[in-house]
Amino acid sequence: MEENKISAAETDFSSFDDEQEKEKELAAKQAKIEEDLLLPPDPDAILEVRHLKKYFTLKKTITGKPLSQLRAVDDVSFKIMPGETLGIVGESGCGKTTMGRTILKLHQPTGGQIFFKGVDIANYTQKQMNALRTDMQIVFQDPYSSLPPRSTVGDILSEPVKVHNVVPRDEMKDYVLDLMEKCGLRDYYYERYPHEFSGGQRQRICIARALSVNPAFVVCDEPVSALDVSIQAQIINLLIKLQKERKLTYLFISHDLSVVKFISDKIGVMYLGSMVEFGSKKDIFDNPLHPYTNALFSAVPNPDPDEKSERVVLKGDIPSPANPPMGCKFHTRCPQCMEICKHIDPEYKAIEPGHFVACHLFDDKD
């Protein structure tokens, strides 16, 4: 693969065979996946994801063989340490939510490894996952549709406690009322129904439900995107308070960079199912490398009217994950696109310790 590697400086691709190069890329990626299969999990990480893939079949042959697939999550790798918050950002449709749900096995992964507390759960059955549901929970994006409308708050919060035998039945109501108080819910809400609450109060109920089984890891799937800005701050502060009190680890999915900056320790930037940049909060915000990351940051409103910021406007729409472009997936919209970007998929590599990027602009930096 190294012998056939073409530098970013070369511009003559007139005789370049895209299909042949694609086969070489896939073979090299598969070799890397098989090589990483033999590596032990990081003993310090609570969650380690390696080469995670989730494809949805769109068309099949008569024999059931996939003809076309939507690559919602395509070869994503990262790890989270206990007590950390990893923020995942990207445009709508980039695969953030699907990745979070696949990690929790709400979707069955197409490929890859998911190490939770050192154990690979990627091939776990639903029965095996039931034992892990107390350790892994999710807060959904829409606080109304994720709550059963015909159940009271007391029933909603008591059910997971009852199913997983968290406390004895005679202590259940006191346990639920204490949890409600810690999540900013009044005790007289116990007998009320979801439709009687505002969006912020409903999201507090969803957070309380997720924490009712004392999890160690929580996926927060855009938990504040449906709320007013003033309520967003309250929910974010509540999540931070609960994280400190309960020593929680978060995977925080959002498209709001200001929220992600406030709550996250590490940040991953996703585009069309792939991770294009990953690093600590300081690395990503002080030294964004990928053109897509720079474009996202330029779209954040600046509160200082005297400070002028240059907006990077991306042309065109995000391509379909069912038919991604050849080469770099971002090249059709990239303002710094080179000829090599149209033909060769960039390698995802570390530019500095802990700071990863997939871009041909950094091919010469190892």
Side-chain angles (χ1 to χ4, degrees), residues 85-88 96-107 129 132-164 166 172-173 175-256 259-260 262-264:
T85 299
L86 170 61
I88 301 293
K96 307 185 298 295
T97 294
T98 304
M99 184 187 72
R101 294 186 178 207
T102 304
I103 288 170
L104 295 179
K105 295 297 295 293
L106 299 179
H107 294 311
M129 283 302 301
L132 281 177
R133 292 303 176 202
T134 54
D135 264 348
M136 308 171 78
Q137 280 292 315
I138 183 170
V139 178
F140 293 100
Q141 179 177 356
D142 187 350
Y144 189 70
S145 63
S146 61
L147 295 173
R150 292 182 176 84
S151 298
T152 63
V153 171
D155 291 335
I156 290 169
L157 300 183
S158 299
E159 184 177 8
V161 178
K162 190 188 302 179
V163 169
H164 294 285
V166 178
M172 191 178 300
K173 185 169 183 179
Y175 175 83
V176 170
L177 289 172
D178 179 60
L179 180 65
M180 289 171 62
E181 182 185 353
K182 289 177 179 176
C183 293
L185 297 166
R186 303 292 178 87
D187 55 0
Y188 55 83
Y189 292 171
Y190 190 88
E191 299 295 339
R192 292 190 179 180
Y193 292 86
H195 73 269
E196 299 179 70
F197 296 99
S198 67
Q201 289 170 326
R202 287 185 200 131
Q203 197 59 286
R204 288 175 185 270
I205 297 168
C206 293
I207 292 169
R209 180 178 60 181
L211 300 185
S212 63
V213 291
N214 296 317
F217 172 69
V218 181
V219 174
C220 301
D221 182 14
E222 302 199 43
V224 297
S225 64
L227 308 177
D228 293 338
V229 176
S230 59
I231 306 301
Q232 286 184 10
Q234 295 176 19
I235 298 299
I236 293 298
N237 287 328
L238 173 64
L239 288 170
I240 292 172
K241 178 177 80 75
L242 291 169
Q243 182 177 35
K244 290 177 181 176
E245 290 174 356
R246 293 171 170 257
K247 298 179 181 178
L248 298 169
T249 304
Y250 290 148
L251 177 68
F252 192 91
I253 297 166
S254 179
H255 57 259
D256 190 331
V259 170
V260 168
F262 185 71
I263 196 173
S264 302

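When reading the values below, keep in mind they use all heavy atoms of this one structure, side chains included, and skip hydrogens, waters and symmetry mates.
Contact check for Asp256 versus Val224: no side-chain heavy atoms found under the 4.5 Å cut-off. Side chains of Gln203 and Val139 form a contact here, defined as non-hydrogen atoms less than 4.5 Å apart. Counting only heavy atoms from C-beta outward, the side chains of Lys105 and Met136 never approach each other to under 4.5 Å. With a 4.5 Å cut-off on side-chain heavy atoms, Leu147 and Phe197 do not count as touching. By the 4.5 Å heavy-atom criterion applied to side chains, Glu159 and Asp155 are not counted as neighbours. Between Ser264 and Tyr250 there is no side-chain heavy-atom pair separated by less than 4.5 Å. Using a 4.5 Å cut-off on side-chain heavy atoms (C-beta onward), Pro223 and Ile207 make no contact. Counting heavy atoms from C-beta on, the side chains of Leu104 and Arg101 never come closer than 4.5 Å.
Between Ser198 atom OG and Ile231 atom CD1 the span is 6.0 Å, to the nearest 0.5 Å. Lys96 contributes atom NZ, which lies 9.5 Å from atom OG1 of Thr98 (distance to the nearest 0.5 angstrom). Atoms OG and CD1, on Ser146 and Ile138 in that order, are 9.5 Å from each other to the nearest 0.5 Å. Here the OG atom belonging to Ser212 is positioned 10.5 Å from the CE atom belonging to Met172, to the nearest 0.5 angstrom. Ile235 CD1 to Ser230 OG: the interatomic distance, rounded to the nearest 0.5 Å, is 10.5 Å.
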List the atom pairs, with distances to 0.1 Å, where a side-chain N or O of residues 182-196 and a protein N or O form a donor-acceptor pair under 3.5 Å, not counting sequence neighbours.
residue: Lys182; atom: NZ; partner: Asp178; partner atom: OD2; Å: 3.3
residue: Tyr189; atom: OH; partner: Gln201; partner atom: NE2; Å: 3.1
residue: Glu196; atom: OE2; partner: Tyr193; partner atom: N; Å: 2.9

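The two residues Ser254 and Val260 make their nearest non-hydrogen contact at CB-CG2, 3.7 Å. Scanning all heavy atoms of the two residues, the minimum distance from Ser225 to His255 falls at CB-CE1, 4.0 Å. In terms of heavy-atom proximity, Pro148 sits nearest to Ile156 at CG-CG1, 3.8 Å.
Gln141 places no side-chain N or O within 3.5 Å of a backbone atom of Asp221 that could act as its donor or acceptor partner. A donor-acceptor pair under 3.5 Å links the side-chain atoms of Gln243 to the main chain of Leu248, judged by distance alone.
Side chains of Thr97 and Glu222: no donor on one and acceptor on the other come within 3.5 Å.
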